[in-house]
*Asks:* 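There's a structure below that I have some questions on.
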Amino acid sequence: MTVGIKTIIVAGARPNFMKVAPLMKRIAEQDRNSDRGWFDVRLVHTGQHYDEKMSNVFFQELGIPAPDINLGVGSGSQAVQTASVMTSFEPVCVSEKPDWVIVVGDVNSTVACTLVCAKMGIRVAHVEAGLRSFDRAMPEEINRIVTDSLADLLLTPSEDGNQNLRREGVAEERIKLVGNIMIDSLIENLPMSRQSNILNRLGLKSGQFAFVTLHRPSNVDGKESLTAIMAEVERLASWVPVVFPIHPRTRKMLGEFGIMPSEGKGLQLIDPIGYHDSLCLTENARLLLTDSGGLQEEATYFRTPCLTLRPSTERPVTVTMGSNRLTNLDRLAADIEEFLGGPERRGVIPPLWDGGTARRTLDEIIGASRR
Ligand code: UD1
């Protein structure tokens with residue numbers, strides 16, 4: 001077999017894993033089905049997320065092979081984490097000499113690896129390019145802008161991504177609309193998520209509970225805002241049973257502020273859950289209340305009514321076409337009442353959210369390699 005394009009795929013934090021899995025799977029399939037290996041791939045885990053429940057469980061459930069290289073950077077401030085990924089990723093690029101590095105999403109690992117490659121003249125493909133919340137207070141927005149300004153191939157999930165990049169002056173030949181890679185993973189894992197027993201474990205009935213996730217620094221890092229949000233979550237729990245898997249950042253802040261709510265009265269606080277359980281809760285919830293990017297998309301696919309506790313979203317298609325609405329603390333109670341009293345399914349599934357994004361992504365990289 002001829003050796004193909006030497007490629008490093010980078011995974012760093014929880015929302016990266018479901019974007020990397022379909023790429024790894026398609027590459028393995030291509031290798032099996034042809035006498036030519038298009039890609040000679042190394043998987044690098046930066047270790048930005050490292051807990052069993054934030055990382056390992058996703059590798060197992062998504063069938064991602066063990067990383068070839070683990071940088072083990074761990075937690076830190078924005079600068080420390082970004083710098084640690086850079087200093088540990090640079091020697092990997094020196095020894096591996098990749099033709100391409102594929103980065104996904106908008107986490108600190110995404111921007112850190114892109115910066116390293118840009119300075120070493122290594123080509124970068126950014127999967128999930130072009131998304132903008134237009135809110136520079138979000139660390140992820142800075143990561144998106146810097147990554148897209150440096151990456152060579154910008155693979156977008158929806159047409160709004162193309163428009164944002166054009167507006168920023170990006171040359172048309174760098175932009176390719178390939179669709180939403182999260183949905184590749186979702187579709188592939190539906191048979192497994194539909195076998196999840198999480199509803200039984202938590203004593204929940206399909207269509208009769210709310211699923212809550214919150215971890216954005218803007219919501220959880222300030223005592224006043226987190227206290228007010230928790231009061232709203234407790235109010236929601238007086239209307240409908242609530243399950244709230246708590247992200248490590250949120251658990252830490254609830255502890256620091258001394259405002260960890262007591263369980264009972266319809267509120268279940270649990271540890272972070274795996275991918276199949278999360279899909280199962282999203283598909284079966286009567287309402288999702290979140291500040292996550294990925295969950296807005298998964299709710300849109302399932303057409304589950306979703307309220308996003310943020311002033312903006314980098315995924316506007318989930319609002320214009322999908323089941324999502326942006327909300328804030330002033331309107332939350334009214335929005336919840338409206339959504340709980342409204343249709344059980346909302347919106348439609350956007351174009352190219354079809355399970356074919358990994359294949360289109362790899363085809364674009366092969367095409368760009370010839371240029
Ligand atoms: C990161 C991403 C965000 C993504 C989120 C999903 C950035 C800037 N942010 O935010 O885009 O939506 O992941 O989870 O890259 N911690 C653990 N165990 C872990 C990981 C983190 O205990 O496995 C704790 C650490 O105390 C850390 C805190 O959680 O300080 C936050 O982790 P961090 O990676 O800094 O950012 P996230 O808030 O998770």
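Counting starts at 1 for both ligands and their atoms, in listed order. Since the structure is predicted, the reported quantities are computational estimates derived from the model, not experimental observations.
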*Asks:* Is any side-chain N of the basic residue among R359 and D354 closer than 4.0 Å to the acidic one's carboxylate O?
*Replies:* no
*Asks:* Is the number of heavy atoms from other residues, nucleotides or ligands under 6.0 Å of R136 CZ greater than 12?
*Replies:* no
*Asks:* Can you tell me which residue and heavy atom of the protein come closest to atom 25 (C) of ligand 1, and the distance to 0.1 Å?
*Replies:* S75 OG, 3.2 Å
*Asks:* Return the closest protein heavy atom for atom 30 (O) of ligand 1 as residue, atom name and distance.
*Replies:* K252 NZ, 3.7 Å
*Asks:* Is E283 salt-bridged to R194, cutoff N-O under 4.0 Å?
*Replies:* yes
*Asks:* Answer yes or no: are there more than 12 heavy-atom neighbours, outside E159 itself, under 6.0 Å from its atom CD?
*Replies:* yes
*Asks:* Would you please determine whether S55 falls within less than 4.0 Å of ligand 1 on a heavy-atom basis?
*Replies:* no
*Asks:* Any cation-pi pair here, R26 with F39, using under 6.0 Å and within 45°?
*Replies:* no
*Asks:* Does even one non-hydrogen atom of K53 get within less than 4.0 Å of ligand 1?
*Replies:* no
*Asks:* What is the closest protein heavy atom to atom 3 (C) of ligand 1, and at what distance does it sit?
*Replies:* E140 OE2, 3.1 Å
*Asks:* Return the closest protein heavy atom for atom 18 (N) of ligand 1 as residue, atom name and distance.
*Replies:* D51 OD2, 2.9 Å
*Asks:* Counting heavy atoms only, which of Q48, Q78, R14 comes nearest to atom 7 (C) of ligand 1?
*Replies:* Q48
*Asks:* How are the rings of H215 and H247 set to each other: parallel, tilted or perpendicular (split at 30° and 60°)?
*Replies:* parallel
*Asks:* Report, in ascending order of atom number, the atoms of ligand 1 lying under 4.0 Å from any heavy atom of R216.
*Replies:* 12 (O)
*Asks:* Please could you name the atoms of ligand 1 that M54 approaches to less than 4.0 Å, counting only its heavy atoms?
*Replies:* 14 (O), 19 (C), 23 (O)
*Asks:* Can you check whether E314 reaches E128 side chain to side chain, under 4.5 Å on heavy atoms?
*Replies:* no
*Asks:* On a heavy-atom basis, I'd like to know which of H215, R249, H49 is closest to atom 34 (O) of ligand 1.
*Replies:* H49
*Asks:* To which protein heavy atom is atom 22 (O) of ligand 1 closest, and what is the distance rounded to 0.1 Å?
*Replies:* P248 CB, 3.3 Å
*Asks:* Quick check: are there more than 12 heavy atoms from other residues, nucleotides or ligands sitting under 6.0 Å from NZ of K6?
*Replies:* yes
*Asks:* If you have a sec, work out which protein heavy atom is nearest atom 17 (C) of ligand 1 and how many Å separate them, to one decimal?
*Replies:* Y50 OH, 3.3 Å
*Asks:* Using the ring of each side chain (for Trp, its six-membered ring), is F59 parallel, tilted or perpendicular to H45, with breaks at 30° and 60°?
*Replies:* parallel
*Asks:* Using a plain distance cutoff, I'd like to know if H247 has any nitrogen or oxygen under 3.5 Å from a nitrogen or oxygen of ligand 1.
*Replies:* yes
*Asks:* What is the closest protein heavy atom to atom 6 (C) of ligand 1, and at what distance does it sit?
*Replies:* P15 CD, 3.5 Å
*Asks:* So which protein heavy atom does atom 8 (C) of ligand 1 come closest to, and at what separation?
*Replies:* N108 OD1, 3.2 Å
*Asks:* Out of all atoms in ligand 1, which are within 4.0 Å of some heavy atom of D106? Include the element for each.
*Replies:* 11 (O)
*Asks:* With D160 as reference, evaluate T320, L131, L165 under the side-chain contact (heavy atoms from CB on, under 4.5 Å) test and give the passing residue.
*Replies:* L131
